[in-house]
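Shown next, in structure tokens, is the structure this report addresses.
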Amino acid sequence: MSDFVTRFAPSPTGFLHLGHAASAFHVWDAARRAGGKVLLRIEDIDLGRCKPEYTEVILEDLSWLGFEWDGPVRIQSEHFDEYEKVVEHLTGLGLTYRCFRSRSDIAQEQAAQGLPPGAPFKGAALDPDEESRRLSDAAPFTWRLSLDKCRDYLGPSFHQLAFDLVTPEGHHEIIKARPDPHGDINLTRKDSPTAYHVAATHDDALQGITHVIRGEDLEDAAHIHVLLQALMGWPTPVYTHHALVKGPDGKRLAKRFASRSLASLREDGLSPQQVRRLAGV
Ligand code: GLU
């Protein structure tokens, strides 16, 4: 067996649809071609939207499609303490600050500064008295990663951050990481001790993932993942981003076929092979 390790990492915020199946087939095929391993990770850190019922059906769908995993299934909600340690570590390095703003506070401030909607957010810690006052009022906050502090901390290597991108056709390219458009990312959520970027990069490192294969909607995330990996001393995997499954009208399938879960296609009597054909893989 080669040292190639990849993973499929669905979020149980609903049932799987053809787009997820396509992703799982891409991941599985790449692992088999490389003679490597493939792991399953359930990314259920969003406690408001993820449901154990969805996880159950996801596991059934995947085993119906014929997938088997080369190791135990990792359920992220069982590991919040590990993600908290990452945030504590980054805080210990002086790279984070508490952010008490809501999304609409940020939108209003940015509009007042003449910035376009969705402009990268850049903030700083409140002054200590004001921060203590808010903390004693139990005001909700998130931990954010200060990009300016990261730049100072990493020095020249900040500008050398890069990752190896392999296109689905197998072409290699070194991509310079550009974390700036993300601004100061949230490391935690008001309702969860971790945000996606922290949990995903932590687990990729922990599970020894050498190749991340996922949809092109997550291509941008690699730019921030490379930064977190450099800060935490984790290796950077190779990234491949496959095209999303499109409907005949070229629209994203996820929305168009939102009501057609794999479970419902299965109930309609489709075979796993037919699902694979429909997913275009
Ligand atoms: N959980 C993410 C999703 O379902 C995938 C994250 C990843 O592959 O890094 O979209």
Side-chain angles (χ1 to χ4, degrees), residues 4-31 36-52 54-59 61-62 65 67 69 71 73-80 83 86 163-166 168 175 177 179 182 185-187 189 192 194-229 232 234-245 252-255 257-258 261-262 279 281:
F4 182 110
V5 185
T6 188
R7 80 311 192 260
F8 178 53
S11 298
T13 52
F15 298 117
L16 296 188
H17 51 68
L18 285 173
H20 295 105
S23 220
F25 283 122
H26 283 298
V27 166
W28 181 264
D29 289 354
K37 290 188 185 162
V38 55
L39 302 174
L40 175 65
R41 184 160 88 216
I42 301 293
E43 298 202 327
D44 58 347
I45 52 163
D46 183 343
L47 298 174
R49 292 170 63 220
C50 295
K51 298 205 166 58
Y54 293 136
T55 300
E56 248 169 65
V57 178
I58 288 174
L59 297 176
D61 286 342
L62 293 172
L65 286 172
F67 297 115
W69 314 104
V73 178
R74 182 166 171 93
I75 312 276
Q76 288 193 324
S77 60
E78 294 171 2
H79 301 282
F80 282 123
Y83 311 130
V86 177
F163 58 95
D164 192 356
L165 181 82
V166 179
I175 305 288
H182 290 267
I185 57 152
N186 277 316
L187 299 171
R189 301 160 51 99
S192 169
T194 184
Y196 158 68
H197 297 303
V198 170
T201 48
H202 173 276
D203 285 357
D204 284 340
L206 181 84
Q207 296 183 291
I209 302 302
T210 60
H211 290 72
V212 168
I213 298 155
R214 58 189 175 198
E216 62 189 7
D217 53 335
L218 286 168
E219 197 162 338
D220 250 16
H223 293 263
I224 208 76
H225 291 186
V226 174
L227 172 62
L228 287 170
Q229 287 149 2
M232 295 300 297
W234 293 328
T236 291
V238 173
Y239 288 92
T240 295
H241 298 104
H242 60 79
L244 299 179
V245 179
R252 270 185 69 171
L253 195 71
K255 295 219 172 67
F257 279 73
S261 61
L262 292 187
V281 185

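One-based numbering, in listed order, for ligands and for the atoms of each.
- Under 3.5 Å, the side chains of Q207 and R41 contain a donor-acceptor pair of N or O atoms.
- Closer than 4.0 angstrom to ligand 1 by heavy atom are R7, A9, P10, S11, E43, Y196, R214, L218, sorted by chain and number.
- The minimum heavy-atom distance linking V27 with V38 is given by the pair CG1-CG2, 3.4 Å.
- Across all non-hydrogen atoms, the minimal contact from V5 to G208 is CB-O, 3.4 Å.
- Judged by distance alone, the side chains of Y196 and D46 never bring a donor and an acceptor atom under 3.5 Å apart.
- Heavy-atom minimum distance, T201 versus V198: OG1-O, 3.3 Å.
- Partner F163 forms a ring-ring contact (aromatic ring centres under 6.0 Å, His included) with one of H211, H223, H225 and no other, that one being H223.
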